[in-house]
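Notes to accompany the following structure.
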There are 2 protein chains.
Amino acid sequence: MDTSKLGSSDRLLLAALNLISERGYNGVTTMEIAKAAGLSEKTLFRQFGSKQKLLEAAFDRYHYAEEMKKLFNEKLVWKLEADLLLVSRTYHEIMNRNRKIFQISLKDEGQLPGFRERTHKHPHQLLEILTNYFITMSDKGKMIAANPEMQAFSFMMMNYGAFQNDLDSHKNYPSISLEPFIQESIKIFARALRP
Amino acid sequence: MDTSKLGSSDRLLLAALNLISERGYNGVTTMEIAKAAGLSEKTLFRQFGSKQKLLEAAFDRYHYAEEMKKLFNEKLVWKLEADLLLVSRTYHEIMNRNRKIFQISLKDEGQLPGFRERTHKHPHQLLEILTNYFITMSDKGKMIAANPEMQAFSFMMMNYGAFQNDLDSHKNYPSISLEPFIQESIKIFARALRP
DNA sequence: CAAATGTCAGTCAGTACTGACAGTCAAACC
DNA sequence: GGTTTGACTGTCAGTACTGACTGACATTTG
């Protein structure tokens, strides 16, 4: 990423996010962060006061968090495969956008209060949406009627697992090997839930 | 856990495992580990030489690693639901037994060389076994024939996700909420893969 | 007695964070 | 146009503390 045109504040936030997500909060020094941002350590402290506050600022600034509910009510077409695809895609999009923040919350749970909750808010929302979707689909007779909570949970867990797996192996963005997984996983669920 | 009867060496290893899995390698001091073990810091260094070596020793001592392949060839009964249950159970048993080591490898990836690979060895093995199982089942006409790799991968990812989810929420052992998930997830796959 | 452990003082390197001072640069003012 | 001002940044030396690790000597325990 070319950060040279950003303000110094943003450069620091991004550098912090990159480094801390890789090596953990205690694994990175303020000196390193400043160097990575092409600035002096002094500037870091002048802008943020402390290392903690720097990380919190990074979190606030770069934690993407739009509302989803309305979005879904418009987009669902009440066809199982199409809608599952929408859910999968939305899930991975959210997770990938917050990928680094997510990694930090995994590694440094103890360090930041309430971090985990915020990071998991959207996935939880998605789970709710999917559960309700399954219930409605059953009512419409378009799906077998049995344990929608667990079915939704299973679907989400599958995607959660795949995302985490992705985090480890190829640390770069392109969810290239994710795509065939998404396709197949949807086929499986569609076949299992069809009435 | 009552560690009072163990040798001092084991007490240190367990204390290290407990603390580091919660707060990360850099988040725990040697002093804390020693205190938690009810011993002096000096003893820690006398026994292990360094903090790194302590962790490595803990890993070697408490990373359960029996072979699985033979085990499976004996236990599989070639009935989809029963065998999927066996795979699920084995998976969660392995993961839970290595739970703390696994958490450390998540948090402190960078710290330990080759940690991740060792931790993931058994899950990978399981994936292979399951893939081959699916292939054979297709050949026998007991399962639809289509993309066994991805189907196995999806199944494993689902369980991986559930395991990770478990790690976060209730930090204690009893995989109580895991059980209904396992049941339902197997139903789903059995229904999806039935010919 | 011998092996294991504790105590305590101390070394050494790192690390978050500060203060004093100086340079740059663009806008504002004369 | 030249000067001043103010916001921002850098340098450097330094403080205060932490944390891994050591050595000398005393104490416990089987």
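Just so it is clear: chains get the letters A, B, ... in the order the sequence lines come, proteins before strands, and each one is counted from 1.
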Can you name the one residue among His122(A), His120(A), His63(A), His92(A) that meets ring-ring contact (aromatic ring centres under 6.0 Å, His included) with Phe102(A)?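 Looking at His122(A), His120(A), His63(A), His92(A), the match for Phe102(A) under the ring-ring contact (aromatic ring centres under 6.0 Å, His included) is His120(A).
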Roughly, in whole Å, what's the span from [atom1] in [X] to [atom2] in [N]?
X: Asn26(A); N: dT15(C); atom1: CG; atom2: P; answer: 10 Å
X: Lys51(B); N: dT22(D); atom1: NZ; atom2: C1'; answer: 18 Å
X: Gln52(B); N: dA20(D); atom1: CD; atom2: P; answer: 11 Å
X: Tyr25(B); N: dA20(D); atom1: OH; atom2: C1'; answer: 9 Å
X: Leu12(A); N: dT9(D); atom1: CG; atom2: P; answer: 9 Å
X: Met31(A); N: dT18(C); atom1: CE; atom2: P; answer: 16 Å
X: Leu55(B); N: dG19(D); atom1: CG; atom2: P; answer: 18 Å
X: Ile33(A); N: dG14(C); atom1: CD1; atom2: P; answer: 18 Å

Going 5' to 3' through nucleotides 5-12 of chain C, assign each nucleotide B (protein heavy atom under 4.0 Å from a base atom), S (under 4.0 Å only from sugar-phosphate atoms) or - (no protein heavy atom that close). BBB-----
How close do Leu84(A) and Leu130(A) get, heavy atom to heavy atom, and via which atoms?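 Here Leu84(A) and Leu130(A) meet closest at CD2-CD1, 4.1 Å.
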Would you say [X]'s side chain and [Y]'s backbone share a donor-acceptor pair under 3.5 angstrom?
X: Lys51(B); Y: Thr29(B); answer: no
X: Lys142(A); Y: Trp78(A); answer: yes
X: Gln164(A); Y: Gly161(B); answer: no

Above 12 or not: heavy atoms from other molecules or residues under 6.0 Å from NZ of Lys79(A)?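 Open: at most 12 neighbouring heavy atoms sit under 6.0 Å from NZ of Lys79(A).
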Any side-chain N or O of Thr30(B) less than 4.0 Å from the OP1 or OP2 oxygen of dA20(D)?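 It does, given that an N or O in the side chain of Thr30(B) lies less than 4.0 Å from OP1 or OP2 of dA20(D).
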